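Take a look at the structure below.
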There are 2 protein chains.
Amino acid sequence: MAIPGDARPPRDCAPPPTPGAAFLLTQIGSHAAARFAERIAELDLTPPQTGLLRAVAVAPGQSQQALARLLGTPPSRLVALLDGLDERGLVERRRNPDDRRLHALHLTDAGHDLLRRIAEVGQAHDDAICAALSDEERTTLTALLARIAADHGLTPGVHPGYRHL
Amino acid sequence: MAIPGDARPPRDCAPPPTPGAAFLLTQIGSHAAARFAERIAELDLTPPQTGLLRAVAVAPGQSQQALARLLGTPPSRLVALLDGLDERGLVERRRNPDDRRLHALHLTDAGHDLLRRIAEVGQAHDDAICAALSDEERTTLTALLARIAADHGLTPGVHPGYRHL
DNA sequence: TATTGTTATACTCTATAACTATA
DNA sequence: TATAGTTATAGAGTATAACAATA
């Protein structure tokens, strides 16, 4: 509450009456990321782990260095992340016999199964976020967002959510 | 690059061919937040500081506890944040004579000036994010986003960006 | 010597909880 | 005793840089 005896504000400090698209995008984007994190937490996964699983599935056989470059993260970070997924039997590090420094990363069968469940969770999440819109509006929104993403050079498969949050 | 001699993936692990709206929202939202952070860094501000300045401007005279509740942040966090803004002469902590435990928060003239520059930066940022869209499309997008935000109970003035990032 | 993966260290950010001053 | 603000401590998460193995 406001402190008694305190004057009311002059009106020139009012914020924009209607927030712009960029403001809404950060606000909703952050909200959506948090809700998605809650959902995948029930699969015992964090957003970074989920992004990593996806990346390994999209491009199997990559080395850790290559994957780090793709995701824009320091290689040392992948180690701890992969350790957790490796122990749970979700990913495999296969030594390359031709160059024994390299580890080829692959999803195990359990990893593929889990990825399917992640896809289901993602679908439910998408529905929840767009609940206020009709099917047609949702299609319109998706198309506009895709144009913005492309305009800013955002990599289609990789979202920054795996590093923040 | 993929490691030589490594088999190509079976096709059942492919990710969704077209990302859904929720995925795009988190991706673009994170991108927009990062770009905005870069812009206000030139004003020597972080996103949390900017959000706090805005909040003080919207509801001047609030106590720190009240503001903490509004923003959903622990009161102890506001202290350090306010210290920085206070030292720079952007906000004032006015002791309430009726209850000397309370600090009424206000923007100084310099704080108001800076807030106007923040608004300019925000406008340029909004334009940059929406550069790929026509005016009409931008209006459509903003309306759809506003509906989603309202549907999820997001507070109009307060975005979560001041706490993350 | 250069590169891959790993480990060790340090740093940033944040929350929790103890402390003080006022009531 | 209860509350506002502050300070202190500790924890999570991350990046930087040193290290061992392999080329």
Side-chain angles (χ1 to χ4, degrees), chain A residues 1-6 30 33-34 37 41 45-52 55-56 61-87 91-106 160-165, chain B residues 1-6 30 33-34 37 41 45-52 55-56 61-87 91-106 160-165:
Chain A
M1 40 37 203
I3 293 173
D6 194 63
S30 176
L45 287 172
T46 64
Q49 287 176 321
T50 308
L52 182 52
V56 173
Q62 301 269 110
S63 73
Q64 296 182 199
Q65 296 278 344
L67 200 55
R69 276 191 296 271
L70 173 69
L71 298 175
T73 192
S76 64
R77 210 193 146 190
L78 284 189
V79 176
L81 235 34
L82 286 169
D83 283 349
L85 298 177
D86 199 344
E87 286 167 14
V91 302
E92 262 182 329
R93 295 191 243 221
R94 300 188 195 156
R95 273 225 128 97
N96 184 333
D98 293 349
D99 185 342
R100 293 178 41 76
R101 293 174 302 182
L102 298 173
H103 286 174
L105 300 174
H106 291 271
Y162 74 93
R163 43 174 135 182
H164 311 300
L165 229 183
Chain B
M1 45 16 209
I3 293 173
D6 195 64
S30 176
L45 287 173
T46 64
Q49 287 176 320
T50 308
L52 182 50
V56 174
Q62 301 268 112
S63 72
Q64 295 182 199
Q65 296 277 346
L67 201 56
R69 276 191 296 271
L70 174 69
L71 298 176
T73 192
S76 64
R77 210 194 146 189
L78 284 189
V79 175
L81 235 34
L82 286 169
D83 283 348
L85 299 176
D86 199 345
E87 285 166 15
V91 302
E92 262 181 330
R93 293 192 245 220
R94 300 188 196 155
R95 273 225 128 97
N96 183 331
D98 294 348
D99 185 340
R100 294 177 41 76
R101 294 174 302 182
L102 297 173
H103 286 176
L105 299 174
H106 291 271
Y162 74 93
R163 43 175 136 180
H164 311 301
L165 228 184

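So you know, we letter chains A, B, ... as the sequences are listed, proteins then strands, and number each from 1. When reading the values below, keep in mind they use all heavy atoms of this one structure, side chains included, and skip hydrogens, waters and symmetry mates. Remember, predicted model here, so these are calculated numbers, not experimental data.
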Step by step, work out the side-chain contact (heavy atoms from CB on, under 4.5 Å) result for B:His106 and B:Arg94.
-> CA-CA 8 Å; B:His106 291 271; B:Arg94 300 188 196 155; 3.5 Å; yes
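Dashed line: the shortest gap from a side-chain N or O of A:Arg93 to OP1 or OP2 of C:dT6 is under 4.0 Å.
The CG atom of B:Leu81 sits 16 Å away from the P atom of C:dT12 (whole-angstrom rounding). Distance NE2 (A:His103) to P (D:dA23): 11 Å, rounded to an integer number of Å. B:Arg77 places its CZ atom 20 Å from the P atom of D:dG11, with the value rounded to the nearest Å. Atom C1' of nucleotide D:dA2 and atom CG of B:Leu102 are separated by 13 Å, given to the nearest angstrom. Regarding A:Gln64, its CD atom lies at a distance of 11 Å from the P atom of C:dT7, rounded to whole Å. Counting to the nearest Å, the C1' atom of D:dA2 and the CD atom of B:Gln65 are 12 Å from each other. Between the CG atom of A:Leu82 and the C1' atom of C:dT4 there is a distance of 13 Å, given to the nearest Å. When the C1' atom of D:dG5 is taken as reference, atom CG of B:Asp83 falls 11 Å away, rounded to whole Å.
The side-chain contact (heavy atoms from CB on, under 4.5 Å) test with B:Leu82 is passed by exactly one of B:Gln64, B:Glu92, B:Gln49: B:Gln64.
Every residue meeting the side-chain contact (heavy atoms from CB on, under 4.5 Å) condition with A:Ser76, not counting sequence neighbours, appears here in chain and number order: A:Pro74. Shown here are the salt bridge (Lys or Arg N to Asp or Glu O under 4.0 Å) partners of A:Arg93, two or more places apart in sequence or in another chain: A:Asp83, A:Asp86. Every residue two or more places apart in sequence or in another chain was checked for a side chain to side chain donor-acceptor pair (under 3.5 Å) with B:Gln65, and none qualifies.
With a 4.5 Å cut-off on side-chain heavy atoms, B:Leu52 and B:Leu67 count as touching. For the pair B:Ser63 and B:Leu105, the minimum side-chain heavy-atom distance is 4.5 Å or more.
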Protein proximity profile, nucleotides 17-23 of chain C - base contact B, sugar-phosphate-only contact S, no contact -, cut-off 4.0 Å on heavy atoms = B----BS
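Of the possible donor and acceptor atoms, one in the side chain of A:Arg95 sits under 3.5 Å from a partner among the backbone N and O of A:Arg100. Using a distance-only test at 3.5 Å, with no hydrogens or angles considered, no donor-acceptor pair links the side chain of B:Glu87 to the main chain of B:Gly84.
Overall, the helix from C:dT1-D:dA23 to C:dA23-D:dT1 carries an axis bend of 30° between its ends, with five pairs at each end and the value rounded to 10°.
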